[in-house]
Asks: 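I have a structure I would like to understand better, so I am pasting it below and will then ask my questions one at a time.
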Number of protein chains: 2
Amino acid sequence: MGYSNALQTRAWHAQAFGKPCANCGIRSIGICAALEPGELERLHRIVKETRFAEGQSIFSEGDPAESLFNVLSGAVRLVKLLPDGRRQVTGFLMPGAFLGIALNSTYAYSAEAILDTKLCRFGRREIEGLLKDLPHLEHRLLGEAANELVAAQDQMLLLGRKTAKERLASFLVCLSRNAKRHGFPDNPVALPMSRTDIADFLGLTTETVSRTFTRLRQAKVVALEGNAMVRLLDRRALDDLIAGGDEEA
Amino acid sequence: MGYSNALQTRAWHAQAFGKPCANCGIRSIGICAALEPGELERLHRIVKETRFAEGQSIFSEGDPAESLFNVLSGAVRLVKLLPDGRRQVTGFLMPGAFLGIALNSTYAYSAEAILDTKLCRFGRREIEGLLKDLPHLEHRLLGEAANELVAAQDQMLLLGRKTAKERLASFLVCLSRNAKRHGFPDNPVALPMSRTDIADFLGLTTETVSRTFTRLRQAKVVALEGNAMVRLLDRRALDDLIAGGDEEA
DNA sequence: CGGTAATTTGAGCCATTTCAAACTGTGTGG
DNA sequence: CCACACAGTTTGAAATGGCTCAAATTACCG
């Protein structure tokens, strides 16, 4: 998932731009961590850095899947649409995340930049060649896919069975955990995505997300600091909500 | 996803039991399809066939992930629970499916046999050794994971944004497609799982699933043939519901 | 400091849930 | 082979959480 605020955004943008992969600031997080210097060199030859402005589409559901990406900086949302416009956000990607693991012939979802975003782009053909020679890389990719699968199942539980309050609490804690894991501040947590994005991720409406924020605020469980930043005040209450035992706050 | 009825159940149970992997009836579907005869021999040495009776637990969420499985016959449901008993079924597995791709230290969900079920069991350690030597296998596994990821995203869209009628229609068509793909009858489609399982998979209650079946039946879109078998009558109407454009039926 | 989009708040409504009761199919024992 | 019994399913009626539509605020940006 992605994050943002003045400070964090600056940090993200400071990361490798135009440098060879060996110096990539994201390397220790991304799949490239699996590679030796020589292999990195080879990877670097097939990589091309690309920028997307806030709101720009990276690729659309149904497009031929010609590229895979590594998020260098910024944030990305993955979106699925129904013909009548109903929208489901299936995930938020932060720096270090891999985009396009599903090596199918077409993309199963659209990807859009939430912030100004830099990506490493790999040609699909080239990656497949690389994977043949570098089993580490494939192994790492499989690990990545496995993690995404676990996250997807958690999300199914959330969408199928949790209340609005529980969904928002789960979301905020998840955001905070990820921020920490990636070295960003984890308590006032940044929310780079709009309320609509959050709603479409949690299977709710914007109005419900907003009302739920208000209720959590009134219960002193969280505090909003501006619109794109939340402070988690009562971790215990949040954890209770996430587990989903019984109500109280 | 799984299926059942007298005929189909018989077919499943007729498949390889105690035979070496080379003769495994499921091989062309499962991950083993990626292997050469010599490699299969090696696989066979680390495999152990296991049976689970209907309703039996194969493993539970949180258990150390010591085994991976291949479904030979029967059907399996994957379940996540909240402490207060709310339940989400995250998937149904049919013969040929792979169970436990997430190579994490503990299982992220429980697996339970819906029918009497036979599985190939692989030790985790052994599989990891095998993967080191057989890149094909890892590649195949990655492909499998990618497919599951796509299915998971579709399910998020369903859980987050579809109506009860659309959810049930999507489920039935998906079931039918899978049956066809696996060589089972795809029009009267078998439903080996209970209404409760369906409800917990679709994020609904049993009552709503039942009422929705009734509405689809009254609209002559489907016909129930016994409780564990549905005939899809109006494919067009089903497809419209799945796409989720606008209502009518 | 104003303009504009995003967010929040309000009021009424509706799809789905909940709680409760009737039904039905399936498998069993007589 | 049939009647019975029970679990699973269906139906009914009332309650409700989240949605819809609409308006008021607020935050952000130039």
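Any value given below was found using the heavy atoms of this structure, including those in side chains, with hydrogens, waters and symmetry copies removed. Residue numbers start from 1 in every chain, and the chains themselves are labelled A, B, ... in the order their sequence lines are given, proteins ahead of strands. Everything numeric here is computed off the predicted structure, so don't read it as measured data.
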Asks: Thr214(B) side chain N/O closer than 4.0 Å to the phosphate oxygens (OP1, OP2) of dT10(D)?
Replies: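 It does not, given that no N or O in the side chain of Thr214(B) lies less than 4.0 Å from OP1 or OP2 of dT10(D).
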
Asks: Report the distance from atom CG of Leu191(B) to atom P of dG25(C), rounded to the nearest whole Å.
Replies: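 Leu191(B) atom CG is separated from dG25(C) atom P by 15 Å.
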
Asks: Could you give the CZ-to-C1' distance, from Arg86(A) to dA15(C), as a whole number of Å?
Replies: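 These atoms are roughly 13 Å apart.
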
Asks: What nucleotide among dT9(D), dG18(D), dT7(C) has an atom nearest to a side-chain atom of Arg195(B)?
Replies: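 Ranking dT9(D), dG18(D), dT7(C) by closest atom to the Arg195(B) side chain puts dT9(D) first.
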
Asks: Which part of the nucleic acid does Thr208(B) contact within heavy-atom distance under 4.0 Å: base, sugar-phosphate only, or nothing?
Replies: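 Here Thr208(B) touches the bases of the nucleic acid.
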
Asks: If I take atom CD in residue Glu207(A) and atom P in nucleotide dA6(C), what distance separates them, rounded to the nearest angstrom?
Replies: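 It is 14 Å, rounded to the nearest whole Å.
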
Asks: Report the distance from atom CZ of Arg215(B) to atom P of dG12(D), rounded to the nearest whole Å.
Replies: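 Taking CZ of Arg215(B) and P of dG12(D), I get 14 Å after rounding.
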
Asks: I need the CG-P distance between Leu168(A) and dG18(D), as an integer number of Å.
Replies: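 Result: 12 Å.
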
Asks: Between Gln155(B) (side chain) and Val150(B) (backbone), is there a donor-acceptor pair under 3.5 Å?
Replies: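 Checking the backbone N and O of Val150(B) against the side chain of Gln155(B), no donor-acceptor pair under 3.5 Å is found.
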
Asks: When the distance from CG of Leu202(B) to P of dT17(C) is rounded to whole Å, what number comes out?
Replies: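 Whole-Å distance recorded here is 11 Å.
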
Asks: Using atom CD of Glu54(B) as one end and atom C1' of dT26(C) as the other, report the distance to the nearest whole Å.
Replies: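 The answer, rounded to whole Å, is 12 Å.
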
Asks: Measure distances between side-chain N and O atoms of Arg211(B) and base N and O atoms of dG12(D), and say whether any donor-acceptor pair falls under 3.5 Å.
Replies: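 For Arg211(B), whose side chain was compared with the base of dG12(D), there is a donor-acceptor pair (under 3.5 Å).
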
Asks: Between Asp200(A) and Arg77(A), does any NZ, NE, NH1 or NH2 come within less than 4.0 Å of an OD or OE carboxylate oxygen?
Replies: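 No.
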
Asks: With a non-hydrogen cut-off below 4.0 angstrom, is Ile198(A) in contact with a base, only sugar-phosphate, or nothing?
Replies: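 If one applies the 4.0 Å heavy-atom cut-off, Ile198(A) turns out to touch nothing in the nucleic acid.
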
Asks: Show the numbers, then the answer: is there a salt bridge (charged side-chain N to carboxylate O under 4.0 Å, His left out) between Glu61(A) and Lys80(A)?
Replies: CA-CA 7 Å; Glu61(A) 185 173 351; Lys80(A) 285 183 80 83; 3.6 Å; yes

Asks: Is the phosphate of dA7(D), meaning OP1 or OP2, less than 4.0 Å from a side-chain N or O of Asn227(B)?
Replies: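 Checking dA7(D) against Asn227(B), no side-chain N or O comes under 4.0 Å of OP1 or OP2.
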
Asks: Are any of Thr206(A)'s side-chain N or O atoms less than 4.0 Å away from OP1 or OP2 of dT7(C)?
Replies: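 Checking Thr206(A) against dT7(C): no side-chain N or O falls below 4.0 Å of OP1 or OP2.
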
Asks: Quick check: on DNA chain D, is the nucleotide nearest Ser194(B) upstream (toward 5') of the one nearest Lys162(A), or the reverse? Name the residue that is more 5'.
Replies: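 Between the two, 5'-proximity favours Ser194(B).
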
Asks: Would you indicate whether the side-chain heavy atoms of Glu148(B) and Ile101(B) approach each other to under 4.5 Å?
Replies: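 Yes - at least one pair of side-chain heavy atoms lies under 4.5 Å apart.
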
Asks: Rounding to a whole Å, what distance do you find between Leu204(B):CG and dT10(D):C1'?
Replies: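 The answer, rounded to whole Å, is 16 Å.
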
Asks: What do you reckon, are the aromatic ring centroids of Phe92(A) and Phe201(A) less than 6.0 Å apart?
Replies: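 Yes, close enough.
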
Asks: Go through dA27(D), dT11(D), dT16(C) for me and flag the one nearest to the Ser210(B) side chain.
Replies: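 It is dT11(D).
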
